[in-house]
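Here the structure comes first, spelled out in structure tokens, and everything after it is commentary.
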Amino acid sequence: MDLSELERDNTGRCRLNSPVPAVCRKQPCALGVDEAGRGPVLGPMVYAICYCPLSRLADLEALKVADSKTLSESERDRLFARMKEDGDFVGWALDVLSPNLISTSMLGRVKYNLNSLSHDTAAGLVQYALDQGVKVAQVFVDTVGMPETYQQRLQQRFPGIEVTVKAKADSLYPVVSAASICAKVARDQAVKNWKFVEKLQDSDTDYGSGYPNDPKTKAWLRRHVEPVFGFPQFVRFSWRTAQSILEKEAEDVVWDDSVAEDQEGVGRITAYFDEGLRSRTRLPHRYFQERGLAPAATL
């Protein structure tokens, strides 16, 4: 899998895709959606779709695709290679979301939580397949949040497509299992070949599984927290695990506007300026005062 675009710039997001099989533009297709790396405090989250004609679903199932979490890394790599070999009827696409993008989205002034980011990314990939000419007839999605709400949202966006959202869909529908494998292979490769912008001493990549409850991951975070600048961009600094370490290990920062807010309370910024104009009477410049003159105009 060619992740060179991500390696050149791993601060945002990038999309990868296979060629669209000709048959997928002619025959009704099933499309599966799944992700890898939703929970870890380290590395990107990868969303994937996989699709094939309804008439070839048995052929996809014959590959013995399964939920990627039940497969070893070598089995996932082998199955992904098989799907590439069967590119005459199987297509896929990925959206790789960097840790930096995830954190800045979640901590922005307008909050964009992980569920919303996940839903929008999944819908964006379904739309991408349609834009590429894939005749999507059915969509199967491994749920994030309440499946009924998620399904209703997708069904409203894609009214001409039969949408099914279920928990554990990656173990129920082969086309979702295939998407799960694509996502996991991409994330594993991205994590293994991550290009650190920061100069990490001795290229320390002994960070364990990347999940918040992994002692090895926590130890790596403590080793690589910078007292002023925080964590490398490999870290999702919006995660509670990372924030707790920052609170203990990093320097306190007090912003100028934080002091003002603590003293005066938080209000609309426009109200602050309006109130300031109402409460202040501007005196004429001392040039006019000393000469007993009135200025031509006052504000």
Side-chain angles (χ1 to χ4, degrees), residues 13 15 24 28-41 43-54 57-58 60-61 63-71 76 79 83 90-97 101-102 105-106 111-131 134-187 210-213 236 238-240:
R13 70 197 303 166
R15 181 170 286 166
C24 292
C29 292
L31 181 148
V33 184
D34 201 8
E35 51 75 28
R38 177 179 165 82
V41 66
M45 178 171 70
V46 181
Y47 255 84
I49 58 171
C50 187
Y51 53 87
C52 75
L54 297 174
L57 279 173
L60 180 64
E61 189 171 4
L63 297 180
K64 305 296 184 184
V65 292
D67 173 8
S68 65
K69 294 185 290 296
T70 68
L71 303 170
R76 292 192 296 266
L79 286 168
M83 283 188 278
V90 177
W92 53 268
L94 307 170
D95 202 350
V96 183
L97 284 65
L101 182 142
I102 293 169
S105 297
M106 294 177 66
K111 303 303 180 188
Y112 189 29
N113 65 39
L114 191 63
N115 277 8
S116 296
L117 181 60
S118 299
H119 293 167
D120 291 344
T121 301
L125 280 170
V126 175
Q127 186 61 56
Y128 178 76
L130 292 170
D131 292 343
V134 179
K135 290 191 66 175
V136 181
Q138 297 177 0
V139 169
F140 300 90
V141 186
D142 195 22
T143 194
V144 171
M146 295 298 293
E148 297 82 6
T149 304
Y150 191 8
Q151 179 169 315
Q152 183 180 22
R153 181 179 177 182
L154 286 172
Q155 193 67 76
Q156 288 175 346
R157 177 159 179 181
F158 305 106
I161 297 172
E162 180 184 339
V163 178
T164 301
V165 178
K166 284 187 178 294
K168 307 296 183 184
D170 47 4
S171 61
L172 298 174
Y173 307 104
V175 72
V176 182
S177 301
S180 170
I181 291 167
C182 293
K184 182 61 174 167
V185 168
R187 175 176 153 84
Y211 279 87
N213 59 354
R236 301 180 192 177
S238 55
W239 258 231
R240 186 63 223 168

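Closest approach of Ala122 and Val33 over heavy atoms only: CB-CG1, 3.8 Å. Residue Asp142 comes nearest to Ala167 through the heavy atom pair OD1-C, 3.9 Å, listed as atom of the first residue, atom of the second, then distance. What you find for Val176 and Val141 is that their closest heavy atoms are CG2-N, 4.4 Å. Here the shortest heavy-atom pairing between Cys50 and Val90 reads SG-CG1, 3.6 Å. Residues Pro44 and Arg236 come closest through the heavy atom pair O-NH2, 3.1 Å. For the residue pair Val65 and Leu79, the shortest heavy atom distance occurs at CA-CD1, 4.2 Å.
Rounding to the nearest 0.5 Å gives a distance of 11.0 Å between OG of Ser238 and CG of Asn113. Atoms NZ and SG, from Lys135 and Cys29 in turn, are 8.5 Å apart once rounded to the nearest 0.5 Å. Distance check, rounded to the nearest 0.5 Å: CZ of Arg157 to CD of Gln152 gives 15.5 Å. Between atom OH of residue Tyr51 and atom CG of residue Leu60 there is a gap of 13.0 Å, rounded to the nearest 0.5 Å. Rounding to the nearest 0.5 angstrom, the gap separating the CZ atom in Arg76 from the NZ atom in Lys184 is 5.0 Å.
Checked against salt bridge (charged side-chain N to carboxylate O under 4.0 Å, His left out), Lys69 has the following partners two or more places apart in sequence or in another chain: Asp67, Asp170. Remark: Tyr173 pairs with Phe140 by the ring-ring contact (aromatic ring centres under 6.0 Å, His included) rule, at least two apart or across chains.
Looking at heavy atoms from C-beta onward, His119 lies in side-chain contact with Val144 at the 4.5 angstrom threshold. Between Pro53 and Cys24 there is a side-chain heavy-atom pair separated by less than 4.5 Å. Looking at Ile102 and Met45, their side chains come closer than 4.5 Å, going by heavy atoms from C-beta outward. At least one side-chain heavy atom of Arg187 sits less than 4.5 Å from a side-chain heavy atom of Pro40. Annotation: side chain of Met106 is not in contact with side chain of Tyr112 (no heavy-atom distance under 4.5 Å). Side-chain contact check for Ile181 versus Met83: some heavy-atom pair is nearer than 4.5 Å. The shortest side-chain heavy-atom distance between Val41 and Tyr211 does not fall under the 4.5 Å cut-off. You'll find the side chain of Arg15 reaches within 4.5 Å of the side chain of Leu125, heavy atoms only.
Using a distance-only test at 3.5 Å, with no hydrogens or angles considered, no donor-acceptor pair links the side chain of Trp92 to the main chain of Ala178. Formation of a donor-acceptor pair under 3.5 Å by the Gln127 side chain with backbone atoms of Leu130 is not found in this model. A donor-acceptor pair is defined here as one N or O able to donate and one able to accept, closer than 3.5 Å; such a pair exists between the side chain of Gln155 and the backbone of Phe158. A donor-acceptor contact shorter than 3.5 Å is absent between the side chain of Gln138 and the backbone of Thr164.
In this model, no donor atom of one side chain and acceptor atom of the other lie less than 3.5 Å apart for Ser118 and Asn115.
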Review point. Yes or no on side chain to side chain contact (heavy atoms under 4.5 Å, CB included) for Arg13 and Asp95, after CA distance, side-chain angles and deciding distance?
Key: CA-CA 7 Å; Arg13 70 197 303 166; Asp95 202 350; 2.9 Å; yes
Exercise for review: Might you work through the side chain to side chain contact (heavy atoms under 4.5 Å, CB included) test for Leu94 and Cys182, ending with a clear yes or no?
Suggested key: CA-CA 8 Å; Leu94 307 170; Cys182 293; 4.0 Å; yes
Review point. Going through the distances and angles, do Val165 and Leu154 end up as a side chain to side chain contact (heavy atoms under 4.5 Å, CB included)?
Key: CA-CA 9 Å; Val165 178; Leu154 286 172; 4.0 Å; yes
Exercise for review: Test Tyr128 against Val134 for side chain to side chain contact (heavy atoms under 4.5 Å, CB included), laying out the working first.
Suggested key: CA-CA 9 Å; Tyr128 178 76; Val134 179; over 6 Å; no
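Checked options Val46, Thr121, Leu114; the residue passing with Leu97 is Thr121 (criterion: side-chain contact (heavy atoms from CB on, under 4.5 Å)).
Here Arg153 pairs with Asp120 in a salt bridge; the nearest charged N to carboxylate O distance falls below 4.0 Å.
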